[in-house]
Enquirer: 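Handing you a structure now.
Numbers restart at 1 for each chain; the letters A, B, ... are given by sequence-line order, proteins then strands. Note that the structure is a prediction, hence the values are computed from the model and not measured.
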Amino acid sequence: MAESEFTKGVVRVVRSVPFGRVVSYGQVAVYLGFPRAARGVGWVLRQTKREELPWWRVVNNAGRISIKNWEHPAEEQRERLRSEGVEVGEDFSLEIEKYRFQAGEELLKSWGLPEEYVRMVGEKFRWGV
DNA sequence: ATAATGACATGTT
DNA sequence: TAACATGCCATTA
């Protein structure tokens with residue numbers, strides 16, 4: 001099964017999220033150059049199981065673990081996050097703005113995104129500011 | 001080509 | 001606050 005550019009992009013972005021930080025599905029989509037492909041991101045993470053991909057650092061924009069999958073249960077994601085110092089409640093919620101990772105312009109450009117797009121992201125997608 | 005599915009996001013009730 | 005509805009996108013049937 002051929003790996004699409006979209007999938008490769010998801011892997012690239014998620015791998016850039018640092019230890020102890022999180023991003024939302026929609027955020028990953030924005031960094032990919034597809035501002036509304038949040039569902040596509042979730043789709044990829046459900047399919048892709050690779051060790052070097054820190055899938056547990058992706059949660060929904062409400063600050064909740066959104067997993068419903070047997071391979072990687074919500075409990076496992078919570079444990080992995082807690083082991084990185086992220087406080088996750090019994091209801092699988094966390095303070096997303098406290099842990100959210102925001103990619104800088106240099107990083108976005110290094111991913112080949114157009115300068116104009118990078119500027120737009122800086123203006124319209126600033127979480128927790 | 002069309003319809004359906006999902007680890008989403010956002011606005012409206 | 002929570003349920004519902006609508007919009008989106010990649011992928012599959």
Enquirer: In whole angstroms, how far is the P atom of C:dT11 from the CG atom of A:Leu45?
Expert: 13 Å

Enquirer: Whether the A:Trp56 and A:Glu84 side chains hold a donor-acceptor pair (N or O, under 3.5 Å, no angle test) is what I'd like checked.
Expert: yes

Enquirer: Would you indicate whether the side-chain heavy atoms of A:Phe92 and A:Gln77 approach each other to under 4.5 Å?
Expert: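 No; the side chains remain at least 4.5 Å from each other.
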
Enquirer: For A:Trp43 and B:dA7, what is the distance between atoms CH2 and P respectively, to the nearest whole Å?
Expert: 11 Å

Enquirer: Using a cut-off of under 3.5 Å, enumerate the N/O to N/O pairs linking the protein to nucleotides 1-3 of chain B.
Expert:
none

Enquirer: Does any non-hydrogen side-chain atom of A:Arg12 lie less than 4.5 Å from one of A:Lys8?
Expert: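 Of all side-chain heavy-atom pairs linking A:Arg12 with A:Lys8, none is under 4.5 Å.
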
Enquirer: Step by step, would you call A:Arg64 with A:Ile96 a side chain to side chain contact (heavy atoms under 4.5 Å, CB included)?
Expert: CA-CA 8 Å; A:Arg64 269 177 173 279; A:Ile96 188 165; over 6 Å; no

Enquirer: In whole Å, what is the span from the CZ atom of A:Arg64 to the C1' atom of B:dA7?
Expert: 14 Å

Enquirer: Hey, does A:Leu113 have a side-chain heavy atom less than 4.5 Å from the side chain of A:Lys109?
Expert: no

Enquirer: How about A:Gln102 and A:Trp127: do any of their side-chain heavy atoms sit closer than 4.5 Å?
Expert: yes

Enquirer: Under 3.5 Å between N/O atoms: give me all the protein pairs with nucleotides 10-13 of chain B, atom names plus distance.
Expert:
residue: B:dT10; atom: OP2; partner: A:Asn61; partner atom: ND2; Å: 2.9

Enquirer: So which heavy atom on A:Leu108 is nearest to which on A:Ala103, and how close?
Expert: CD2-CB, 4.0 Å

Enquirer: Taking CZ from A:Phe92 and P from B:dC8, how many angstroms apart are they, rounded to a whole number?
Expert: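 Result: 15 Å.
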
Enquirer: Does the side chain of A:Ser4 get closer than 4.0 angstrom to OP1 or OP2 of C:dT11 through an N or O atom?
Expert: yes

Enquirer: So A:Thr48 and A:Val10, do their side chains get closer than 4.5 Å, heavy atoms only?
Expert: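 No; the side chains remain at least 4.5 Å from each other.
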
Enquirer: Taking the side chain as everything from C-beta on, heavy atoms only, tell me whether A:Arg57 gets closer than 4.5 Å to A:Val86.
Expert: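 In short, these two side chains do not touch, never coming nearer than 4.5 Å.
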
Enquirer: To the nearest Å, how far apart are A:Asn60 CG and B:dG6 C1'?
Expert: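 So the two atoms are 14 Å apart, to the nearest Å.
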
Enquirer: Taking atom P of B:dG6 as reference, at what distance in whole Å does atom NZ of A:Lys68 sit?
Expert: 9 Å

Enquirer: Restricting both atoms to N or O, compile the protein contacts to nucleotides 6-9 of chain C shorter than 3.5 Å, with distance only.
Expert:
residue: C:dG7; atom: O6; partner: A:Arg39; partner atom: NH1; Å: 3.0

Enquirer: Distance-only criterion, 3.5 Å: show the donor-acceptor pairs between side-chain atoms of residues 16-29 of chain A and protein atoms not counting sequence neighbours.
Expert:
residue: A:Ser16; atom: OG; partner: A:Val13; partner atom: O; Å: 2.6
residue: A:Arg21; atom: NE; partner: A:Tyr99; partner atom: O; Å: 3.1
residue: A:Arg21; atom: NH2; partner: A:Arg100; partner atom: O; Å: 2.7
residue: A:Ser24; atom: OG; partner: A:Gln27; partner atom: N; Å: 3.0
residue: A:Gln27; atom: OE1; partner: A:Ser24; partner atom: N; Å: 3.2
residue: A:Gln27; atom: OE1; partner: A:Arg100; partner atom: NH1; Å: 2.9
residue: A:Gln27; atom: NE2; partner: A:Tyr31; partner atom: OH; Å: 3.2
residue: A:Gln27; atom: NE2; partner: A:Phe101; partner atom: O; Å: 2.5

Enquirer: Which distance, rounded to the nearest 0.5 Å, do you find between the CD of A:Glu75 and the CD1 of A:Ile65?
Expert: 8.5 Å

Enquirer: Where along residues 21-29 of chain A does a heavy atom come under 4.0 Å from DNA chain B, residue by residue in number order?
Expert: A:Ser24, A:Tyr25, A:Gly26

Enquirer: For residues 35-42 of chain A, which side-chain N or O atoms pair as donor and acceptor with protein atoms under 3.5 Å away, sequence neighbours left out?
Expert:
none

Enquirer: Looking at A:Glu90 and A:Arg82, is any side-chain nitrogen of the basic one under 4.0 Å from a carboxylate oxygen of the acidic one?
Expert: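 The answer is yes: the pair qualifies as a salt bridge.
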
